[in-house]
Participant: 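Would you mind keeping the following structure in view while I ask a few things?
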Amino acid sequence: MQRTAPMITRRHLILSGLSLPLLPATLSAQSVFTENGVALRGYDPVAYFTEGQPRRGDAAHAADWGGAIWHFANPENRAAFLADPVRFAPQYGGYCAWAVAEGYTAPIDPQAWRIVDGQLYLNFSPRVQRQWERDIPGNILRADSNWPELRG
C-alpha cells in the first residue's frame with residue numbers, strides 16, 4: 001500500500017520504539033481524515049460491521065457526509081450509512097485512535113482496525129494498533145477527552 005505524507009508537517013513521537021507521523025498539537029484537524037476529499041482512504045465503513053473486514057468502496061456508490069466523500073462497496077451499504085452515519089463512521093473522524101489518545105492526529109491504515117462496543121477505531125499501522133490494544137479502555141478515555149480540541 002502506498003503511503004502519502006501527512007497533510008501539514010511531519011513530527012515523530014517515539015513511544016516504546018514506535019514512530020508516528022503527527023500533526024502539531026497547535027493545529028486543528030479536519031473533523032474527518034480525508035485524502036483528496038475521500039474518507040477512510042476509499043474503504044467502505046459499513047463493511048467493517050457487516051463483513052467483519054475492510055473492503056474497498058467504489059466511487060460509483062459514493063455519498064457526501066461530514067464534509068467528506070465516503071465510498072461504499074454496494075448501494076445497500078451506502079443506504080445503511082446514510083440512514084445512520086454516526087453508527088458506521090469511524091471514531092475521531094477516522095484519524096489514528098492511538099495518536100488522538102496521545103493528543104495528536106495521524107493518518108490511518110484501513111487494515112489496522114477494531115470494533116469496540118459497536119464503534120470503529122482505526123490506527124496508523126498494525127504495529128501502532130498493537131500498542132493501542134494494550135489499554136483500549138484507557139486509550140479510548142484519553143482520546144475521547146482529546147478529540148473535541150483536536151477536531152477544532
Side-chain angles (χ1 to χ4, degrees), residues 1-11 13 18-24 27-133 136-137 139-140 142-144 146-152:
M1 171 185 287
Q2 182 180 17
R3 296 208 188 277
T4 59
M7 295 178 281
I8 300 174
T9 63
R10 191 170 178 123
R11 291 177 31 189
L13 173 68
L18 298 178
S19 177
L20 280 177
L22 302 171
L23 298 178
L27 299 175
S28 296
Q30 293 176 216
S31 351
V32 176
F33 169 68
T34 65
E35 288 182 332
N36 300 318
V38 177
L40 204 49
R41 296 189 186 250
Y43 278 73
D44 179 340
V46 177
Y48 289 94
F49 295 90
T50 60
E51 298 181 26
Q53 64 185 356
R55 182 170 177 195
R56 247 219 197 269
D58 184 331
H61 308 296
D64 189 354
W65 179 79
I69 303 296
W70 299 78
H71 291 178
F72 301 92
N74 54 54
E76 295 79 16
N77 284 6
R78 180 183 184 277
F81 182 86
L82 291 174
D84 193 359
V86 173
R87 175 180 173 204
F88 296 109
Q91 296 302 292
Y92 319 122
Y95 287 94
C96 174
W98 168 260
V100 173
E102 293 300 307
Y104 298 92
T105 60
I108 53 91
D109 175 348
Q111 302 293 326
W113 64 281
R114 182 153 178 183
I115 294 174
V116 178
D117 295 330
Q119 300 295 310
L120 176 61
Y121 295 88
L122 298 156
N123 281 283
F124 175 76
S125 69
R127 184 174 179 193
V128 170
Q129 181 179 6
R130 287 190 296 276
Q131 179 70 21
W132 179 78
E133 288 175 338
I136 292 172
N139 286 319
I140 290 173
R142 287 193 342 267
D144 286 351
N146 291 337
W147 181 238
E149 184 177 329
L150 290 174
R151 76 171 174 203

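All residue numbers refer to positions in the sequence shown, counting from 1. Because the structure is a prediction, the values reported are computed rather than measured.
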Participant: Fit a plane to each ring of Trp65 and Phe81, take the angle between them on a 0 to 90° scale, and name the class: parallel (under 30°), tilted (30 to 60°) or perpendicular (over 60°).
Facilitator: perpendicular
Participant: Aromatic contact between Trp70 and Phe88, with the criterion being ring centroids under 6.0 Å apart: yes or no?
Facilitator: no
Participant: For the pair Tyr95 (side chain) and Arg151 (backbone), establish whether a donor and an acceptor sit closer than 3.5 Å, ignoring hydrogens and angles.
Facilitator: no
Participant: So, taking the atom named OG in Ser125 and the one named CH2 in Trp132, what distance separates them when rounded to the nearest 0.5 Å?
Facilitator: 13.0 Å
Participant: What's the shortest heavy-atom distance between Gln119 and Val86, and which atoms?
Facilitator: OE1-O, 4.4 Å
Participant: Applying side chain to side chain contact (heavy atoms under 4.5 Å, CB included), run through Asp58 and Arg56 and close with a yes or a no.
Facilitator: CA-CA 7 Å; Asp58 184 331; Arg56 247 219 197 269; over 6 Å; no
Participant: In Å, rounded to the nearest 0.5 Å, how long is the span from CD of Gln131 to CG of Asn123?
Facilitator: 10.0 Å
Participant: To check you understand the geometry: which heavy-atom pair defines the closest contact between Ala112 and Gln129, and what is its length?
Facilitator: CA-OE1, 3.2 Å
Participant: Within the side chain of Arg142, is there an N or O that forms a donor-acceptor pair under 3.5 Å with the backbone of Trp98?
Facilitator: no
Participant: My understanding is that only one of Asn74, Thr50, Asn77 makes a side chain to side chain donor-acceptor pair (under 3.5 Å) with Asp44; could you say which?
Facilitator: Asn77
Participant: With side chain to side chain contact (heavy atoms under 4.5 Å, CB included) as the test, would you mind laying out the steps for Arg114 and Ile136 before giving the verdict?
Facilitator: CA-CA 10 Å; Arg114 182 153 178 183; Ile136 292 172; 3.3 Å; yes
Participant: So do Pro110 and Tyr48 actually touch side chain to side chain, heavy atoms under 4.5 Å?
Facilitator: yes
Participant: Working to the nearest 0.5 angstrom, can you tell me the gap between Asn146 CG and Thr105 OG1?
Facilitator: 11.0 Å
Participant: What I'd like to find out is whether the side chain of Asn139 reaches to under 4.5 Å of the side chain of Tyr121, using heavy atoms alone.
Facilitator: no
Participant: Could you tell me which non-hydrogen atom of Tyr43 sits nearest to which non-hydrogen atom of Pro45, and how far apart they are?
Facilitator: O-CD, 3.4 Å
Participant: Around atom CG of Asp84, are there more than 12 heavy atoms from other residues, nucleotides or ligands closer than 6.0 Å?
Facilitator: yes
Participant: For Pro126 and Asp109, work out which heavy atoms get closest and say how close.
Facilitator: CD-OD2, 3.8 Å
Participant: Run through Asp144, Leu122, Ile108, Val32 and flag the one making a side chain to side chain contact (heavy atoms under 4.5 Å, CB included) with Tyr92.
Facilitator: Asp144
Participant: Nearest 0.5 angstrom please: Phe49 CZ to Leu120 CG, how far?
Facilitator: 5.0 Å
Participant: What's the shortest heavy-atom distance between Phe72 and His61, and which atoms?
Facilitator: CD1-O, 3.0 Å
Participant: Would you name the heavy atoms of His71 and Gly42 that are closest together and state the gap between them?
Facilitator: CB-O, 3.6 Å
